[in-house]
Amino acid sequence: MVLASWADNALSQVTAGIAMQRVLLTATSLGLSASFLSQLVEVPGARHSVQSVLAEPAYPQAVLRVGFGGPVPATPRRAASATMVAEAGVIALTPAGDGTLVPPERDLLPGVSQSRETDADLNH
């Protein structure tokens with residue numbers, strides 16, 4: 001599946017992204033799987049080849065492989081605490097027993113409020 005736009009500017013790319021979101025949600029609701037073939041739009045020569053086979057003059061923005069696939073296991077995720085790195089001037093949050101993230105005891109950034117945030121807050 002080729003998702004293309006009539007122009008090749010920032011607005012067209014954003015609009016294509018919105019359309020791709022709808023395509024992916026619709027595919028999922030129909031029980032279909034999708035994967036991206038990004039090289040076909042990222043490599044200029046490959047993008048031109050895709051463009052040359054389109055029925056209408058348009059600019060390819062995404063190429064998707066869509067079909068029925070079998071179930072796959074969930075992708076393993078690391079805990080947020082395993083991915084946070086404290087740097088100069090950055091407040092490092094540490095996990096508390098109840099799942100919230102707590103700032104350190106000392107004030108790393110004077111005058112900056114250090115609010116308690118949960119993992120859910122950080123993921124939205």
Side-chain angles (χ1 to χ4, degrees):
M1 174 184 297
V2 177
L3 195 140
S5 60
W6 300 119
D8 195 25
N9 54 38
L11 177 60
S12 296
Q13 292 168 356
V14 170
T15 304
I18 293 167
M20 184 171 58
Q21 176 187 20
R22 292 177 179 163
V23 166
L24 293 172
L25 289 170
T26 301
T28 300
S29 73
L30 297 172
L32 296 167
S33 298
S35 62
F36 297 92
L37 304 171
S38 60
Q39 296 86 345
L40 294 175
V41 293
E42 292 175 355
V43 177
R47 188 175 192 219
H48 179 73
S49 294
V50 172
Q51 190 174 22
S52 69
V53 298
L54 296 176
E56 299 282 333
Y59 297 91
Q61 300 296 342
V63 178
L64 301 168
R65 183 174 56 179
V66 180
F68 292 99
V72 295
T75 305
R77 303 283 185 220
R78 290 184 285 175
S81 61
T83 61
M84 293 183 183
V85 178
E87 296 180 16
V90 176
I91 299 171
L93 301 175
T94 55
D98 61 354
T100 60
L101 295 176
V102 182
E105 294 300 321
R106 58 190 171 92
D107 187 11
L108 296 179
L109 296 175
V112 175
S113 171
Q114 296 179 357
S115 63
R116 292 176 56 98
E117 296 176 298
T118 66
D119 284 334
D121 294 330
L122 296 175
N123 291 328
H124 294 289

Here the pair of heavy atoms bringing A62 nearest to V41 is N-CG1, 3.8 Å
Going hydrophobic residue to hydrophobic residue with side-chain gaps under 4.5 angstrom, can you get from L25 over to V66?
no
Side-chain donor-acceptor pairs of residues 29-38 under 3.5 Å, sequence neighbours excluded:
residue : atom : partner : partner atom : Å
S29     : OG   : T26     : O            : 2.7
S35     : OG   : R65     : NE           : 3.2
S35     : OG   : R65     : NH2          : 3.2

Does one hydrophobic cluster hold both F68 and V23, with members joined at side-chain heavy-atom distances below 4.5 Å?
yes
Residue pairs fulfilling side chain to side chain donor-acceptor pair (under 3.5 Å) with at least one residue in residues 4-14, sequence neighbours excluded:
S5-Q61, D8-R47, D8-Q61, N9-S12
How many angstroms lie between atom CD1 of I18 and atom CG of L3, to the nearest 0.5 angstrom?
11.5 Å
Minimum heavy-atom distance between P60 and V2, given as atom pair plus value
CB-CG1, 4.1 Å
Do you reckon M20 sits in the same ILVMFWY cluster as M1, going by side-chain contacts under 4.5 Å, direct or chained?
yes
